[in-house]
Amino acid sequence: MQLLKERIRKDGKIMAGNVLKVDSFLNHQMDTELFQEIGKEFRRRFADVQVNKILTIEASGIGIACVVAQSFHVPVVFAKKTKTKNIAGDVYTSKVESYTHGRVYDIIVSKEFLGKGDKVLLVDDFLANGKALEGLAALVEESGAELAGAGIVIEKGFQVGGNLIRSRGIRLESLAIVESMDEKTGTIVFRGDEA
Ligand code: G4P
């Protein structure tokens, strides 16, 4: 998505450790006009699949998922991160390992909001190692719902997440795939740019 790539080049900041900071428009301050365009783009890319629910994970996926959900005219559900497992059995639960933060947490979704008959599109802002997306896919599987695909705003193509998710047969659409970034020169190469 050209508009997004231009915005990343203009306002993204490359930090140490291959971290791309985009908090002026994506995951702290949020540019809702850009979000509208992102919502339309996902709608276009997933035009051939049926979706009746968007599923994301807190925290920074929620904003973008809400706007994507509007363009599909469906509700959005977010998985909550929790340290304590709910033992009442009224939630689906899965484990997510965060390399970046060096911890494991449980994610939960109430059984009230996900189940058999649902056709679910996963949405998140970043795809790095793919653990969050794997966790969400596991919740969908546990619920008996159908996984329609996954929409990611920025995929870090040099980390394992994209390959992991695609190798599981999940239809993944990433609007910008960063192949490499250079902290010193500020250069960002996107997949598709090389040709
Ligand atoms: P994974 O979910 O793909 O396995 O990613 P990983 O554990 O490596 O990343 C942990 C968190 O850092 C995730 O957010 C992910 O979205 C975010 N992240 C990874 N790489 C970058 C990056 O280059 N730039 C930015 N801005 N974020 C990155 P989180 O902690 O799970 O959630 P949230 O509460 O921040 O939404």
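Computation of the quantities below employed the complete heavy-atom set of this structure, encompassing side-chain atoms and omitting hydrogens, waters and symmetry-equivalent molecules. Whatever order the structure lists ligands and atoms in, that order sets their numbers, starting from 1. Here the structure is a predicted model, which is why all the values come from computation and not from measurement.
Atom 16 (O) of ligand 1 has as its closest protein heavy atom Phe126 CB, 3.3 Å. Considering only non-hydrogen protein atoms, atom 35 (O) of ligand 1 sits nearest to Ser60 OG, 3.6 Å. In this structure, atom 26 (N) of ligand 1 lies nearest to the protein heavy atom Leu20 O, 3.2 Å. Annotation: atom 6 (P) of ligand 1 to nearest protein heavy atom, Thr100 OG1, 3.3 Å. Of all protein heavy atoms, the one lying nearest to atom 14 (O) of ligand 1 is His101 CE1, 4.9 Å. Protein heavy atom nearest atom 4 (O) of ligand 1, with residue, atom name and distance: Lys131 N, 2.8 Å. Closest protein heavy atom to atom 19 (C) of ligand 1: Ala128 CB, 3.7 Å. Closest to atom 21 (C) of ligand 1, if we only count protein heavy atoms, is Lys156 NZ, 3.5 Å.
Ion pairing of Glu179 with Lys156 is absent here, as no side-chain N (NZ or NE/NH1/NH2) approaches a carboxylate O to less than 4.0 Å. No salt bridge links Glu37 with Arg44; every basic N to acidic carboxylate O contact stays at or beyond 4.0 Å.
Per-atom contact check: atom 10 (C) of ligand 1 touches the protein, criterion being a heavy-atom distance below 4.0 Å.
Here Phe25 contributes atom CZ and Phe35 contributes atom CZ; the two are 9.0 Å apart, rounded to the nearest 0.5 Å.
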Could you check Leu26 against Ile8 for side-chain contact (heavy atoms from CB on, under 4.5 Å), going step by step and ending with a plain yes or no?
-> CA-CA 10 Å; Leu26 185 64; Ile8 296 169; over 6 Å; no
Hey, mind stepping through Val22 and Asp11 against side-chain contact (heavy atoms from CB on, under 4.5 Å) and telling me if it holds?
-> CA-CA 7 Å; Val22 285; Asp11 291 331; over 6 Å; no
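By the 6.0 Å contact criterion, NZ on Lys111 is enclosed, its count of non-hydrogen atoms from other residues, nucleotides or ligands being greater than 12. Atom CD of Glu58 is surrounded by more than 12 heavy atoms from other residues, nucleotides or ligands within 6.0 Å.
Under a 4.0 angstrom heavy-atom cut-off, Gly130 registers as being in contact with ligand 1. Note on ligand 1: Lys81 sits in its first shell, one or more heavy atoms being nearer than 4.0 Å.
The only option from Val120, Val76, Val67 that meets the side-chain contact (heavy atoms from CB on, under 4.5 Å) definition with Ile54 turns out to be Val76.
Around atom 8 (O) of ligand 1, the closest heavy atom drawn from Val96, Ile107, Asn129 belongs to Asn129.
Heavy-atom contacts of Ala59 reach the following atoms of ligand 1: 33 (P), 34 (O), 36 (O) (cutoff under 4.0 Å). For ligand 1, the atoms lying closer than 4.0 Å to a non-hydrogen atom of Tyr105 are 31 (O).
Residue contacts with ligand 1, taken as heavy atom pairs separated by less than 4.0 Å, involve Asn27 solely via side-chain atoms from C-beta onward.
Between the side chain of Thr56 and the main chain of Asp124, no donor-acceptor pair closer than 3.5 Å is present. Side-chain atoms of Asn52 come within 3.5 Å of backbone N or O of Lys119 as a donor-acceptor pair.
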